[in-house]
Amino acid sequence: MATKAQEVIREKRPGAPEGGPVRQVTDFLSGNESAAAAARDIGFHVMGYFPITPSTEVAETLSKMQANGEHDILMIPGDGEHGAAGICYGASLGGGRVLNATSSQGLLYSLEQLPVQSSTRAPMVLNLVTRAISGPLDIRCDHSDLYFALNTGWIILMARDPQAVYDMNLAAIRIGEHADVRLPVMVAYDGFFTSHQKRRVQTVEDKDALAAFLGHVDPPFTALDPRHPVTFGPYMNDPDLINNKKQHSLAMEAARRVIPEVFEELGRFTGRHYPVVDRYRMDDAEAAVVLLNSAAETAKAVADRLRDEGRKVGVLSLNVLRPFPADVIREALAGVKAAVVGDRADSYGADGGNLSLELRAALQLDPDNRTRVLTRIYGLGGKDFDDSDAEEFFRQALETAATGTVGEAFAYHGVFAGKPELKFAEGLPAIETAEVTRGMATVRENAETGKLDVELKPLWALTEVPSRIAPGHGACPGCGAFPMLHQFFSVLEGDVVVLFQTGCAMVVTTGYPKTAHRVTYIHNLFQNGAATLSGLVEMYHELIRRGELAGVSIDEEITFVMVSGDGGMDIGMGPALGAAHRNHHMILLEYDNQGYMNTGAQLSYSTPMGHRTSTSEVGRARHGKPTHHKDTPQIFAGAHIPYVFTASEGYPEDLMRKAAKAQWYAKHEGMAYGKILSFCPLNWTTTDDAAENVLQVAIDSLFFPIYEVERGHTTITYDPEMLGRQRKLTDWLGLMGKTKHLLKEGNEESLAAIEKEVMRRWRRIKAMHEHPEL
Ligand SMILES: Cc1ncc(C[n+]2csc(CCOP(=O)(O)OP(=O)(O)O)c2C)c(N)n1
Ligand code: SF4
Ligand SMILES: [Mg+2]
């Protein structure tokens, strides 16, 4: 019997309009733009997101649209995808419509939240723009992320082209919110192939008709009705948990029925029809190729050609991956003698990826099954799947159909043995300890002040220290990250091991098979670098303690340095603070370029208020980032590590003195953290050679105070006020394209808010400088 809530839902769904498809407009959109257009048209209440290539553009496009007043979705930037998924989960418990978009590591980082959401039956839509998962890092398409989603309990719709992305987003609302289903829905489309290729896409023009099609759903339960309190997620174990899971399974079964119903209605509404399984020239096919998303479209063109030659071939691809349409597949393959199933990800050790394994399982339920199945792992890391690949798949399927025997049931397609005779080109030789141990800085403890005194050799002498990062990396001209890293590293004595978190400095220095690093370098994803390095530091000390690292004494200790962008101090803040609280002997060095630059200048929490980024656009309805910049040095000061500093490449002596202190503290007392303002001409929109002036005015306008916190005591090491060099904040904002709008009429309020906050923070630092107890 239908519940009250279900009756309400059904009542409010008038369905497709009578008399043909709804009024639509034709646009020329990429897959990501289609997802954004669908989001705009659906009018989600909340979007929680975190940028990751190739899905970032969904949030970026929505940000542009928002600045132009085209929608009013509340867009909440997460501190990482785990946070974004949490935001989405919370928002969906409130009952409105919720959106997210992610890829690859983003999906994996949020993975543990996904079953929490599906098991509490909280619908939302997540656009998964498929991309290879790390490691090694690769930003291009395969389905290794998607396959991890299969056990999350989410419905998964597949979108083979930008039009399907738009349509599936509409369908996702109806399916997920259906009273018998109530599950979150993923819409999966191929990174770059679909996300970035533009096609003609029809979007709904008649917004009232769309609103009627989508209907309005009062959720059966909401977390926002205090008169009817609800417990979401009680502690539960045997025997309730298994019953709970059975209900989840029943919801998936209901989706099996609901999805074709919704697709049919969508077909009437838009004129575009989506079967659960797309059968292309399958009617009398004897040999088939089974593929997901864009690769299936390539195979279709090849199938046409082979059909012209009289070959009985067809292409099967899925529009729905969860629930897995086993019955439909079995039926579609009933007359097929051989099928090559292409998996764009491996399930290592299982002799197949998930698609082929599930397809095989579906077939074996038919006692009369005669279809031979070959699994081919293809297209990993964005490797193209072109006509010749499809031809090869058909050839293998036809051959198996003709002979009735399967040669190789499982194989990788498109790999090659390489040329073992070719050796790696030798990189630059390792840096000898003596080369970099030149006594450039002499550090002494000052018993009177309780601080360290540093004596530096003249600056010119430092230029003779060989760089631990070789020239020839691929950073933009004028990029500030490398001059400042060079300044910092040239003071460090002895051996150094570095860990770079994901970001510009990492990406531009290690394009396989080359590396610009002349010391041992580790990359870990930017959510976990600090934890990784802390493990290595402790292993090092443990090996020394046990006498298992021959001949190493404390005086020749390795210095461990993690290099992170400001974005890494958002998503990786938890592990970084964990490392800080454990006080490992290491340095955390943050180059702050005020955004996620490597992925195209999205806002980070360190982006100052009002600054334009690709996710805080400027337009008539929005004026840049709405919140103030994160005060990361003060967060680390609050963790009471021995040494915290800020610096700028514009004050090399100050920076180098601080580098020497950081090394001393990392060696003798524990963690040192430093934030260095790092020039990014590309995204700050300045000329390449503007670093000196822009950084100087950032400091003189008091936006970026230069100070250190040594054993809890704050010292301002360059005070523009005292030196009579203070500048107006507007002097700084006027220097960059990303902030010029703040000086225009209509931004007075934002400007006043920024000025007030900058002064408040400066006064606080000043007070701490003046009062040793603060
Ligand atoms: C879990 C995860 N989410 C998102 C990304 C995409 N991503 C890689 S680097 C980066 C931005 C890094 O910003 P920041 O640390 O400030 O370094 P920058 O690029 O500015 O130098 C993002 C969003 C990723 N690789 N992994
Ligand atoms: S985008 Fe900015 S931070 Fe990244 S390499 Fe270019 S200048 Fe440097
Ligand atoms: Mg950055």
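- When all heavy atoms are compared, the tightest approach of T615 to A59 is CG2-CB, 4.2 Å.
- For the atom pair CZ of R40 and CE of M65, the computed distance is 4.5 Å after rounding to the nearest 0.5 Å.
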Handout entry: D700 and Y718: CA distance, side-chain angles, deciding distance, side chain to side chain donor-acceptor pair (under 3.5 Å) verdict
Key = CA-CA 9 Å; D700 288 343; Y718 169 82; 2.7 Å; yes

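- Under the side-chain hydrogen bond (donor to acceptor under 3.5 Å, both in side chains) rule, D592 has a single partner from H629, K630, K675, which is K675.
- For the pair E708 and K661, the salt-bridge criterion is met [side-chain N within less than 4.0 Å of a carboxylate O].
- Note that CD of Q487 is 8.0 Å distant from OG of S648, once rounded to the nearest 0.5 Å.
- The closest donor-acceptor contact from the side chain of S134 to the backbone of Q105 lies at 3.5 Å or more, if one exists at all.
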Practice task
Determine, step by step, whether K738 and H611 satisfy the side chain to side chain donor-acceptor pair (under 3.5 Å) criterion, reporting the C-alpha distance in whole Å, the side-chain angles of both residues, the deciding distance to 0.1 Å, and the verdict.
Solution key: CA-CA 6 Å; K738 69 167 180 160; H611 289 219; 3.0 Å; yes

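- Around atom CG of D72, no more than 12 heavy atoms belonging to other residues, nucleotides or ligands sit under 6.0 Å away.
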Handout entry: Stepwise side chain to side chain donor-acceptor pair (under 3.5 Å) test for Y651 and Q696
Key = CA-CA 9 Å; Y651 292 101; Q696 184 67 55; 2.4 Å; yes

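- The two residues A647 and F704 have their closest heavy-atom pair at O-CE2, 3.4 Å.
- In this structure, the side chains of L485 and V563 come closer than 4.5 Å at one or more pairs of heavy atoms.
- No close placement of the Y673 and Y643 rings is indicated, their centers lying 6.0 Å or farther apart.
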Practice task
Please test F482 against V508 for side chain to side chain contact (heavy atoms under 4.5 Å, CB included), starting from the C-alpha separation and ending with a verdict.
Solution key: CA-CA 10 Å; F482 292 94; V508 303; 3.5 Å; yes

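- Proximity of a side-chain donor or acceptor of S604 to a complementary backbone N or O of S606 within less than 3.5 Å is detected.
- Between F703 and W732, the two ring planes are parallel [angle under 30°; tilted spans 30° to 60°].
- Aromatic rings of F500 and H523 (six-membered ring for Trp) have centroids beyond the 6.0 Å cut-off, not under it.
- A donor-acceptor contact shorter than 3.5 Å links the side chain of D566 to the backbone of G595.
- Between the side chains of Y49 and E60, no donor N or O sits under 3.5 Å from an acceptor N or O.
- Checked against M186 for a side chain to side chain contact (heavy atoms under 4.5 Å, CB included), the options V125, L126, T102 give a single hit: L126.
- Looking at Q117, its side chain does come within 3.5 Å of a backbone N or O of A122 through a donor-acceptor pair.
- Residues F679 and T686 meet the side-chain proximity criterion, which asks for heavy atoms closer than 4.5 Å.
- Counting heavy atoms of neighbouring residues, nucleotides and ligands inside a 6.0 Å radius, atom CD of E749 does not exceed 12 of them.
- Within the 4.5 Å cutoff, the side chain of M47 has no heavy atoms near those of the I87 side chain.
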Practice task
In sequence, state the C-alpha distance, the side-chain angles, and the governing distance for E33 and K198, and then conclude on side chain to side chain contact (heavy atoms under 4.5 Å, CB included).
Solution key: CA-CA 9 Å; E33 289 165 345; K198 293 211 183 222; 3.0 Å; yes

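- L742 is not listed as a side-chain neighbour of E748, based on a closest heavy-atom distance of 4.5 Å or more.
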Handout entry: V129 and Y189: CA distance, side-chain angles, deciding distance, side chain to side chain contact (heavy atoms under 4.5 Å, CB included) verdict
Key = CA-CA 5 Å; V129 187; Y189 53 97; 3.4 Å; yes

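- Between R657 and E653, no side-chain nitrogen of the basic residue sits less than 4.0 Å from a carboxylate oxygen of the acidic one, so the salt-bridge criterion is not met.
- For the residue pair N127 / N169, a side-chain donor-acceptor distance below 3.5 Å is found, with atom types taken as modelled.
- Shown here for M569 and A576, the closest heavy-atom pair between the two residues is CE-CB, 4.1 Å.
- Ring centers of F50 and Y596: under 6.0 Å apart, within the cut-off.
- Inter-residue side-chain proximity for L107 and L114 is flagged as met; some heavy-atom pair is nearer than 4.5 Å.
- For the residue pair N32 and S30, no side-chain donor N or O sits within less than 3.5 Å of a side-chain acceptor on the partner.
- Between the Q602 side chain and the T599 main chain, a donor and an acceptor come within less than 3.5 Å of each other.
- Side chain of H45 to backbone of R97: a donor-acceptor contact under 3.5 angstrom is found.
- For the pair L677 and Q594, the minimum side-chain heavy-atom distance is below 4.5 Å.
- In this structure a side-chain-to-backbone donor-acceptor pair under 3.5 Å is missing from Q501 to M562.
- Contact check for L29 versus T203: side-chain heavy atoms found under the 4.5 Å cut-off.
- Using a 4.0 Å cut-off between charged side-chain N and carboxylate O, R763 and E721 make a salt bridge.
- Between the H486 side chain and the I469 main chain, no donor and acceptor come within less than 3.5 Å of each other.
- Between the side chain of T194 and the main chain of P162, no donor-acceptor pair closer than 3.5 Å is present.
- Annotation: E692, atom CD; neighbour count of heavy atoms from other residues, nucleotides and ligands within 6.0 Å does not exceed 12.
- A salt bridge is defined here as a Lys NZ or Arg NE, NH1 or NH2 lying under 4.0 Å from an Asp or Glu carboxylate O, and K207 with D41 meets this definition.
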Handout entry: CA sep, side-chain torsions, deciding dist, call: F645, Y707, ring pair (Phe, Tyr, Trp, His ring centres under 6.0 Å)
Key = CA-CA 6 Å; F645 71 90; Y707 68 101; 9.7 Å; no

Problem - Verdict with supporting geometry, I52 and R131, side chain to side chain contact (heavy atoms under 4.5 Å, CB included) - result: CA-CA 10 Å; I52 181 163; R131 159 182 153 180; 3.3 Å; yes

Handout entry: Derivation of the salt bridge (charged side-chain N to carboxylate O under 4.0 Å, His left out) call for E617 and R612
Key = CA-CA 5 Å; E617 283 288 355; R612 178 204 287 268; 3.0 Å; yes

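- In plain terms, the two heavy atoms of S195 and E57 that are nearest each other are O-OE1, 3.7 Å.
- Considering every non-hydrogen atom in both I716 and H769, the closest pair reads N-ND1, 2.8 Å.
- Side-chain contact check for N100 versus M124: some heavy-atom pair is nearer than 4.5 Å.
- Between the side chain of S701 and the main chain of K728, no donor-acceptor pair closer than 3.5 Å is present.
- Side chains of Y665 and E710: a donor on one and an acceptor on the other come within 3.5 Å.
- Atom CG of L99 is separated from atom CG of L62 by 7.0 Å, given to the nearest 0.5 angstrom.
- Note: L774 CG to K766 NZ = 14.5 Å, rounded to the nearest 0.5 Å.
- When every heavy atom of V187 is checked against every heavy atom of A172, the shortest pair comes out as CG2-CB, 4.1 Å.
- A side-chain donor from one of D654 and T717 sits under 3.5 Å from a side-chain acceptor of the other.
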